[in-house]
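Notes follow once the structure below has been shown.
Here, residue 1 is the first one in the sequence, and each next residue gets the next number.
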Amino acid sequence: MKISVIIPFIETNSKIERSIEYIDKQDLSVAESEIIIVNLCKDEEGNSRLSRIEASAPEKVAIINVDSNMNKAEVLNTGMDYCSGDYILFLRPGDAINPRLFGVVADIIKEHHPELISFDMTYTHDKFDMYDDDPFSGEEFVFVEHGDKKGKISYLMNSGIKECYLCHIYSLSFIKELGVRFSSDAQEENMVFTYPMMLLAQNIAYTLDYGYCLFENRELGDVSSRISERMTRQTNLYDMLRGIPELYNEYKDEIDAHFIKEYYLRNLKMARASRPEDKLKLSIFEVMQYVILSIVPKWIDNDYIFSMNKEDRKLMLFLTKRFYSDTELDAELRKDMLITVITATYNRGESIRESIECILNQTWHNIEYIIVDDGSSDRTAEVLGEYDDRRIKIIRNPKNHGPSYSRNEAIKKSTGNYIVCQDDDDFCRLDKLEQEIECMLALGDEYGMIYCESINHAKRIKGITDEEALIIPGREMSEVRKSGYIFPALLCKNYITAPAGLIKRSCIEDVGMYDDNLFAYEDWDLYLRIARKYEVGFIRKPLYDYYQRPGSLISNKDSEHRRKILQALYSIDNMFLEDRKKYGIETSFKISEVEREES
C-alpha cells in the first residue's frame, strides 16, 4: 500500500520543511509513501530549498515544476496526475499531519478498504511546536459500510466533519472512477472536489480527532467581503449538485440542509464572531434571506434543519425578521456575544507574545482582552506596548498580588457576558473560543460553564518522548463524569485546568469570583462552586496546550512553596467538607498531622 502526499508550493515563505518533517515522523514500515511537490515558485531561494528536500530523499520526493501562471486548482490537479499511490493526501506547505496518521490509516485500509478517510482539523499558532502530543488512534474511528444509508447520513450531517479538501485521505481509484477534479470556477478548491465525494462514497472511515494541523497567523478582511465570497462559493456548489439529478434526488434534504447551514447559519455566526467594529451589511443579509426562503420556504419540513440545536433555530427565525440598518442587524446578532479574555502575567516578557497572539488570532474575534501586569519588573510592560489592538485593555498592579487578585480585578472591569482565562506562557488552539461559545449557546440555561480538554506538555518539555502526553481530563475517565452534574466527580479530584473553561458572567456573579486567599488551586475552588449549582458542558477536544514549565506554580519544589500549596488544598478540603460527607467522598488530599500543625 502506498500513500501519495501532494504539496502545492505556491508561496516561497511557507515552512514546507515543517511539513516534510511531519511526513518523516510517520510509521513508514506500515505504508510506503511518496511526496509530490508541485512547484509554482521561480525564485532562486525557493528552488534551492526544494532541491535540498529532494536530495534528502530522492527515492520518494518528486518536484514537479509548472508554469507560474497556473492557478491553484490546476496545481492540485497536476499533483494528482503524477500520483502513483493507492491513496492520496493533500498537505498545505507549512502544515502538519498527525505523527500517527499513516500507521492508523494503514490498519484501516487493510481491513476496510474505504474510499474516503476523514478526520478533523486543528488551528494553531504558527510557533506552536507540540502537535506530536495530540491523540490519534484507530479506536476513535467510525465506519460506514456499503448499504449503510443511516450511517452515511449521520456522517454527512455530523457537524465535526469538514468538507475541506485537507481533512481527508482519498482512494485514487475512486477519484479516477468519479472523474472529480479541482475547479477554478468554484473560487475555492474545497467546493467541487470534496463534498461531492462525501456524497458519493459508500465506504467511509472517519474520526473527530485531529489528523491535520493548520498553522495560522493571518489577518482577515472585513466580514461582509468574506461572507459574500462564501455565499458565491456555496451557491456554485449547490447549483452543481442540483445539476446531478441522481445525486440530488437521493440526498435532497441533506444537500438542502448543508446549504442552509453553510450559506446562511455559518455566515451569520461569522458576522457575530467578527470584531466589534466590523458589521455585516444589511444588503448582504437580505440576499441571504431571499435565497434561503426561495429554496426552503418551510424550513421546518426538513428533518435535518428542524433537529438543529436551540441556537441554530434562533438564527433561523431571523429569516422572517426585518431590520432597518446595519447597526440594528449587528446589535441583534451580537447581543450577549462578547467574550472577556483575561491574562494575568508576572515577569513573562520573554514568553508572553505567543500566548497573546493565540487570543488575538482566534476565529472568534468578538472579544475584549484584559491583560493584567501583576507588578512585573522585567520587559513585560514594553512587550505589551507593542500591540495596537483596540480590543486589548491593560491593567497594571503597582505590586505583585497573584493570579486570583489579578483575575478578579479584570472581572470587575470587564463587560463581556462570558469569561475566559488564558495563562501567560501557554498556547490555545485558534478556534478554542468559537468552539466553546458555540457549544455553550447550544445548551440549556441550566449550564453555567463549559470546558475543553487540555494537553499537558510537561513531559515533552523535559525531553521525555517515549511516553504519552497527559490529557486532562483523561480519556480513560468515563464521559458521564465529564459533563452535566459533575460536582461529585469534581469533588474527588480536579480534572479541569484553569484556562480550559468558559464561564457565564451571571454564573460568576452568583457563586462569587476567585478566592484570592488561596495560594493555589483557586480555579478548582471556583469550578466546584459553579458545579455545585450549575450543569457543566464538556468538549472532547484538546483546545488548550498547558506547558507547565520548570519553575511554574505547581512544579516549584521549594519547601515553603509546597507548604502553601498544601495549605490551599487543605482549605478547599474544609470548604467542601459537608458536601463530601453528603456523597460519601473521602478527602482527595491527605495532610499529615505534622504538616497541619505547621500550617
Side-chain donor-acceptor pair under 3.5 Å between [X] and [Y], yes or no?
{"X": "S84", "Y": "E34", "value": "yes"}
{"X": "T12", "Y": "E45", "value": "no"}
{"X": "Y155", "Y": "S118", "value": "yes"}
{"X": "T343", "Y": "T345", "value": "no"}
{"X": "S48", "Y": "R52", "value": "yes"}
{"X": "D134", "Y": "N98", "value": "no"}
{"X": "Y170", "Y": "T194", "value": "yes"}

For this session: For K60 and D24, run side chain to side chain contact (heavy atoms under 4.5 Å, CB included): C-alpha distance rounded to whole Å, both residues' side-chain angles, the deciding distance at 0.1 Å, then the answer.
Result: CA-CA 11 Å; K60 72 172 186 177; D24 290 340; 3.2 Å; yes
Does [X] have its ring centroid less than 6.0 Å away from the ring centroid of [Y]?
{"X": "F538", "Y": "Y495", "value": "no"}
{"X": "Y387", "Y": "Y369", "value": "no"}
{"X": "F182", "Y": "Y165", "value": "yes"}

Hey, are the side chains of [X] and [Y] touching, using non-hydrogen atoms and a 4.5 Å cut-off?
{"X": "H146", "Y": "E115", "value": "yes"}
{"X": "F119", "Y": "F136", "value": "yes"}
{"X": "W524", "Y": "L490", "value": "yes"}
{"X": "K541", "Y": "Y210", "value": "yes"}
{"X": "C83", "Y": "I6", "value": "yes"}
{"X": "I175", "Y": "F193", "value": "yes"}
{"X": "I3", "Y": "Q26", "value": "no"}

Strictly below 4.0 Å, N to O, side chains only: are [X] and [Y] in salt-bridge contact?
{"X": "D423", "Y": "R407", "value": "yes"}
{"X": "D573", "Y": "R580", "value": "yes"}
{"X": "E468", "Y": "R100", "value": "yes"}
{"X": "R475", "Y": "E453", "value": "yes"}
{"X": "R92", "Y": "E216", "value": "yes"}
{"X": "R429", "Y": "D545", "value": "yes"}
{"X": "D148", "Y": "K152", "value": "no"}

Over 12 foreign heavy atoms within 6.0 Å of [atom1], [X]:
{"X": "Y583", "atom1": "OH", "answer": "yes"}
{"X": "R18", "atom1": "CZ", "answer": "yes"}
{"X": "E17", "atom1": "CD", "answer": "yes"}
{"X": "E11", "atom1": "CD", "answer": "no"}

Can you tell me how far apart [atom1] ([X]) and [atom2] ([Y]) are? Round to the nearest 0.5 Å.
{"X": "I204", "Y": "F141", "atom1": "CD1", "atom2": "CZ", "result": "12.5 Å"}
{"X": "I97", "Y": "C213", "atom1": "CD1", "atom2": "SG", "result": "11.0 Å"}
{"X": "Y87", "Y": "I117", "atom1": "OH", "atom2": "CD1", "result": "5.5 Å"}
{"X": "R460", "Y": "Y547", "atom1": "CZ", "atom2": "OH", "result": "10.5 Å"}
{"X": "R348", "Y": "D373", "atom1": "CZ", "atom2": "CG", "result": "12.5 Å"}
{"X": "F427", "Y": "D129", "atom1": "CZ", "atom2": "CG", "result": "6.0 Å"}

Problem set entry | With E350 via salt bridge (Lys or Arg N to Asp or Glu O under 4.0 Å) - residues at least two apart |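 E350 satisfies salt bridge (Lys or Arg N to Asp or Glu O under 4.0 Å) with R379 once adjacent residues are dropped.
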For this session: Report the residue from Q435, E436, E434 that forms a side chain to side chain donor-acceptor pair (under 3.5 Å) with K432.
Result: E436
For this session: Look at the side chain of E522 and the backbone N and O of S404, then say whether any donor-acceptor pair between them is shorter than 3.5 Å.
Result: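 Not confirmed, E522 side chain does not pair with S404 backbone.
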Problem set entry | Within 45° cone of Y22 ring axis and under 6.0 Å: K25 NZ or CZ |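 Satisfied, under 6.0 Å and within 45°.
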